[in-house]
Amino acid sequence: MSIIATTGNSAAVTLAPIWRDVLATSLRALTEVVAEVRTDQGELATPCAEWTVTQVIQHAAGDQLAFARALGVGAGPAYDPFAPSGVLDVPATGLVAAAAADSAAAWATVADDAETVPTPLPHGDLPTPIAAVLCALDAAVHAWDIAVTIGRPSPLTEDLAAALLLAADGVIEPLRQWGAYAPVVAGESGDTAVEHLLRYLGRTPRR
């Protein structure tokens, strides 16, 4: 997976050959990081304002279920992903694994030539590569939130971050206004693609 900027290409065109890989990588990152969470770490505060590790897990799983439902797979989350309770009725690993499986199954139904797909976002239908990578972004960035909180390595690579940022740039502004993302954090000289992505999403990178 590699992002090569081509003058004149839209984000959707650039992401079209790689969105399935980006999504699979991101879903795997989320499931693997959640599997590393110890039972005594669920109440730790995360980079997501006022949310604990458990709440981020609930939110991330709920968002994947919401994307799957928009694509016609599953019933969606049984709770509001933006008001996670912090109390799990099932193990976190099972919750996330099931959500990731539904999401993967839903995106597998999308044909390669599908120009747009429905989303659970306020935008409604979006170009397929953009929608898929925004779904991936949700999984990958929350995997980062959890990983840095519990002291595990970041799951974000430079190539993955570049792809996620390409989809996010500009598209998430309505979500930021809605409160889904904090304001952009000012950049620093020498920022990497990962750091640029995190700052754009309202997070302070941890070096």
Original post:
Do Pro205 and Val194 have side-chain heavy atoms sitting under 4.5 Å apart?
Top reply: no
Subject >> Of all pairs that satisfy ring-ring contact (aromatic ring centres under 6.0 Å, His included), the ones with a partner from residues 125-148, not counting sequence neighbours >> reply: His59-His142
Original post:
Hey, mind stepping through Gln41 and Thr149 against side chain to side chain donor-acceptor pair (under 3.5 Å) and telling me if it holds?
Top reply: CA-CA 9 Å; Gln41 294 176 318; Thr149 300; over 6 Å; no
**OP:** Give the minimum heavy-atom separation between Gly62 and Pro77, together with the two atoms involved.
**Re:** O-CG, 3.6 Å
**OP:** Return the minimal non-hydrogen interatomic distance between Gly86 and Glu43, and the atom names on each side.
**Re:** O-OE2, 4.2 Å
Subject >> Nearest-0.5 Å distance, CG of residue Asp159 to CG of residue Leu164 >> reply: 10.5 Å
Subject >> Over all atoms of both residues, closest heavy-atom pair of Arg203 and Val185 >> reply: O-CG2, 3.7 Å
Subject >> Between OG1 on residue Thr31 and CD on residue Glu36, distance to nearest 0.5 Å >> reply: 11.0 Å
Original post:
Any side-chain heavy atom of Val22 sitting closer than 4.5 Å to one from Leu160?
Top reply: yes
**OP:** Please confirm whether the backbone N or O of Ile150 pairs with a side-chain atom of Arg152, one donor and one acceptor, at under 3.5 Å?
**Re:** no
Only distances under 3.5 Å count here; give the side-chain donor-acceptor pairs of residues 92-110 to other protein atoms, sequence neighbours excluded, each with its distance to 0.1 Å.
{"from": "Ser103", "atom 1": "OG", "to": "Gln64", "atom 2": "OE1", "distance (Å)": "2.8"}
{"from": "Thr109", "atom 1": "OG1", "to": "Ala106", "atom 2": "O", "distance (Å)": "2.5"}

Original post:
What closest approach, in Å, do Pro155 and Ala29 show between heavy atoms, and which atom pair accounts for it?
Top reply: CB-CB, 3.8 Å
Subject >> Approximate separation, where rounding is to 0.5 Å, of Leu15 CG and Thr128 OG1 >> reply: 11.5 Å
Subject >> Any Leu30 side-chain heavy atom under 4.5 Å of Val33 side chain >> reply: no
**OP:** Is it possible for you to say whether Phe82 and Val87 belong to one hydrophobic cluster, with membership spreading through side-chain heavy-atom contacts below 4.5 Å?
**Re:** no
Subject >> Separation between OG1 of Thr204 and CZ of Arg199, rounded to the nearest 0.5 Å >> reply: 6.5 Å
**OP:** Could you pull out the closest heavy-atom pair between Asp63 and Pro81, with the gap in Å?
**Re:** OD1-CB, 3.5 Å
Original post:
Mind checking whether Glu195 and Glu188 have side chains closer than 4.5 Å, heavy atoms only?
Top reply: no
**OP:** Taking the side chain as every heavy atom from C-beta outward, state whether Thr119 and Leu134 have any pair of such atoms under 4.5 Å apart.
**Re:** no
Original post:
So do the side chains of Ile130 and Trp19 get within less than 4.5 Å of each other, counting heavy atoms only?
Top reply: no
**OP:** Return yes if some donor-acceptor pair links the side-chain N/O of Thr46 with the main-chain N/O of Trp51 below 3.5 Å, else return no.
**Re:** yes
Subject >> Least distance between heavy atoms, Thr14 atom then Ile18 atom >> reply: O-CG1, 4.2 Å
**OP:** Output the distance between atom OG1 (Thr54) and atom CG (Leu88), rounded to the nearest 0.5 Å.
**Re:** 5.0 Å
Subject >> NE2 (His123) with more than 12 external heavy atoms under 6.0 Å >> reply: yes
Original post:
Below 4.5 Å, heavy atoms only, C-beta onward: do Arg69 and Pro120 meet side chain to side chain?
Top reply: no
Subject >> Within 6.0 Å of CG in Asp89, more than 12 heavy atoms from elsewhere >> reply: no
Original post:
Which distance, rounded to the nearest 0.5 Å, do you find between the CG of Leu166 and the CG of Leu197?
Top reply: 11.0 Å
**OP:** Report whether Val73 and Leu65 are members of the same hydrophobic cluster (ILVMFWY, side-chain heavy atoms less than 4.5 Å apart, transitive linking).
**Re:** no
